Protein chains: 2
Amino acid sequence: MTIDKSLLAGSTALLVLKLLESGDKYGYQMVEELRRRSDQTFELKSGTLYPLLHSLEQKGYIEAWEEDVGTARPRRYYHLTDSGRRQLAEKEDEWRTYAGAMLRVLEGGA
Amino acid sequence: MTIDKSLLAGSTALLVLKLLESGDKYGYQMVEELRRRSDQTFELKSGTLYPLLHSLEQKGYIEAWEEDVGTARPRRYYHLTDSGRRQLAEKEDEWRTYAGAMLRVLEGGA
DNA sequence: TATGATATATCGACCATCTACTTATGTCAA
DNA sequence: TTGACATAAGTAGATGGTCGATATATCATA
């Protein structure tokens, strides 16, 4: 593949960054919003999301801050950094390239 | 994910089945045609393709026959079975569902 | 003569996801 | 009040797909 090899399996990273574009969110909230915005198509598992959030934080794309709601566990909100915003734009481009190529093949392109 | 978990990493299977829809082809030929039809976006590696072809054959989606060209290695042509044709239709549906959901999220859908 | 194209194939490494499990609290119904 | 479910974050191990490297073999071209 010319495009980044983790593009296919890695579209979850794009989705998470995209969710944070419209405001800080915590993990559990992202799972719900993603399910809603995708009409139940994407059911992100916690075992997938939390390790992903940690790796995105390590790369400097997102930053965490905690809110102690008093109940249960404190919420860990994530904020999209400038670097994360650039990464988001890049990944979005990449995905559109991928989807475009898929469509050309599926439409029986030349 | 509600959709098959191997959908993302597994869109190569869909691509290969799609290529065989328009006629029997051999591995090396698929790599070339895929590159051409996707405008160089998809560069399928032989280490990915051949094991994939074998697994598709085991599942009964494709059947192989050899053509001894006399030169070098004989070509192993693959033929799409009826079962493979059904699988192709299913995978194509699945992909469009996935792509549609991605677009809804990327367009900032409700 | 050696490089690159043609052609198929395997192996080990890597990486992302999934399932299952853990911890902890609040709420609602039987 | 017991059990189930929602909220909330997290880890560990298994699985599965892709890639790079390597192997083999022939032919054409520089």
Side-chain angles (χ1 to χ4, degrees), chain A residues 1-17 24-36 41-59 61-62 64-78 91 94-95 98, chain B residues 1-17 19 24-36 41-59 62 64-78 91 94-95 98:
Chain A
M1 309 283 172
T2 300
I3 50 175
D4 181 44
K5 81 172 175 180
S6 65
L7 169 69
L8 305 177
S11 56
T12 48
L14 163 57
L15 290 168
V16 164
L17 293 175
D24 296 3
K25 292 180 179 64
Y26 54 95
Y28 193 85
Q29 184 184 8
M30 295 184 214
V31 173
E32 291 189 300
E33 191 169 329
L34 192 56
R35 180 172 44 226
R36 189 174 50 77
T41 303
F42 299 133
E43 300 268 354
L44 206 49
K45 301 305 186 307
S46 67
T48 302
L49 179 63
Y50 293 112
L52 173 62
L53 288 173
H54 300 156
S55 89
L56 290 176
E57 192 180 10
Q58 273 201 321
K59 288 172 192 157
Y61 299 147
I62 60 179
W65 53 274
E66 295 212 348
E67 187 196 37
D68 203 340
V69 198
T71 67
R73 284 205 177 188
R75 290 174 177 165
R76 276 182 74 79
Y77 278 89
Y78 287 94
K91 288 237 170 222
E94 237 180 358
W95 191 83
Y98 155 75
Chain B
M1 307 280 175
T2 300
I3 50 175
D4 181 45
K5 81 173 173 177
S6 65
L7 169 70
L8 305 178
S11 56
T12 49
L14 163 57
L15 289 168
V16 164
L17 293 174
L19 288 177
D24 295 5
K25 292 179 180 63
Y26 54 95
Y28 194 84
Q29 186 184 6
M30 295 184 214
V31 173
E32 291 189 299
E33 191 169 330
L34 191 56
R35 180 174 42 226
R36 190 174 50 76
T41 303
F42 299 133
E43 299 268 353
L44 206 49
K45 301 305 185 306
S46 68
T48 302
L49 178 64
Y50 293 110
L52 173 62
L53 287 173
H54 300 154
S55 90
L56 290 175
E57 192 179 11
Q58 273 202 323
K59 289 170 191 156
I62 60 179
W65 54 274
E66 294 211 349
E67 186 196 38
D68 204 339
V69 198
T71 66
R73 284 206 176 187
R75 291 175 176 162
R76 277 182 73 81
Y77 278 88
Y78 287 94
K91 288 236 171 224
E94 238 180 358
W95 191 83
Y98 155 75

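By convention in this document, chain letters (A, B, ...) are assigned in the order of the sequence lines, proteins followed by strands, and residues within each chain are numbered from 1. Just so it is clear, the model here is predicted, and its values are computed rather than measured.
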[options]: which one has an atom nearest the side-chain heavy atoms of [X]?
X	options	answer
Thr12(B)	dG10(D), dT18(D), dT17(C)	dT18(D)
Tyr28(B)	dC18(C), dA5(C), dT11(D)	dA5(C)
Arg73(B)	dG10(D), dT17(C), dT8(C)	dT8(C)

Worksheet item: Are His54(B) and dT10(C) close enough that a side-chain N or O sits under 4.0 Å from OP1 or OP2?
Response: yes
Discussion item. Whether the side chain of Lys25(B) engages the backbone of Leu19(B) through a donor-acceptor N/O pair (distance < 3.5 Å, no angle test) should be reported.
Written reply: yes
Practice prompt. Under 4.0 Å between any heavy atoms, over every strand shown, what does Glu66(A) touch: base, sugar-phosphate, or nothing? Just pick one.
Written response: nothing
Worksheet item: What does Gly27(A) touch in the nucleic acid at a heavy-atom separation under 4.0 angstrom: a base, only the sugar-phosphate, or nothing?
Response: sugar-phosphate
Fill in: Donor-acceptor pair present, Ser46(B) side chain and dA9(C) base, under 3.5 Å
yes
Whole-Å distance separating the [atom1] atom of [X] from the [atom2] atom of [N]:
X	N	atom1	atom2	answer
Arg76(A)	dA24(C)	CZ	P	18 Å
Glu67(B)	dT6(C)	CD	C1'	14 Å
Lys45(A)	dG13(D)	NZ	C1'	17 Å
Arg75(B)	dC27(D)	CZ	C1'	13 Å
Leu53(B)	dT8(C)	CG	P	9 Å
Leu49(A)	dA20(C)	CG	P	19 Å
Tyr26(A)	dT7(D)	OH	P	8 Å
Tyr50(A)	dG13(D)	OH	P	21 Å

Worksheet item: Does a side-chain heavy-atom distance below 4.5 Å link Asp24(A) with Trp65(A)?
Response: yes
Fill in: Pairwise distance CZ(Arg73(B)) to CZ(Arg75(B)) - rounded to 0.5 angstrom
14.0 Å
Worksheet entry | Residues that Tyr26(A) engages under ring-ring contact (aromatic ring centres under 6.0 Å, His included), provided they are two or more places apart | Tyr77(A)
Practice prompt. Report the residues that fulfil side-chain hydrogen bond (donor to acceptor under 3.5 Å, both in side chains) with Glu32(A), sequence neighbours left out, ordered by chain and then residue number.
Written response: none
Show me the donor-acceptor pairs within less than 3.5 Å that the side chains of residues 49-59 of chain B make with the rest of the protein, sequence neighbours left out.
| unit_1 | atom_1 | unit_2 | atom_2 | d |
| --- | --- | --- | --- | --- |
| His54(B) | ND1 | Tyr50(B) | O | 3.2 |
| Ser55(B) | OG | Leu52(B) | O | 3.1 |

Practice prompt. Mind checking salt bridge (charged side-chain N to carboxylate O under 4.0 Å, His left out) for Glu66(A) and listing every partner two or more places apart, or none if nothing turns up?
Written response: Arg76(A)
Worksheet item: What bend angle does the helix from dT1(C)-dA30(D) to dA30(C)-dT1(D) show across its length, from five-pair end axes and to the nearest 10 degrees?
Response: 10°
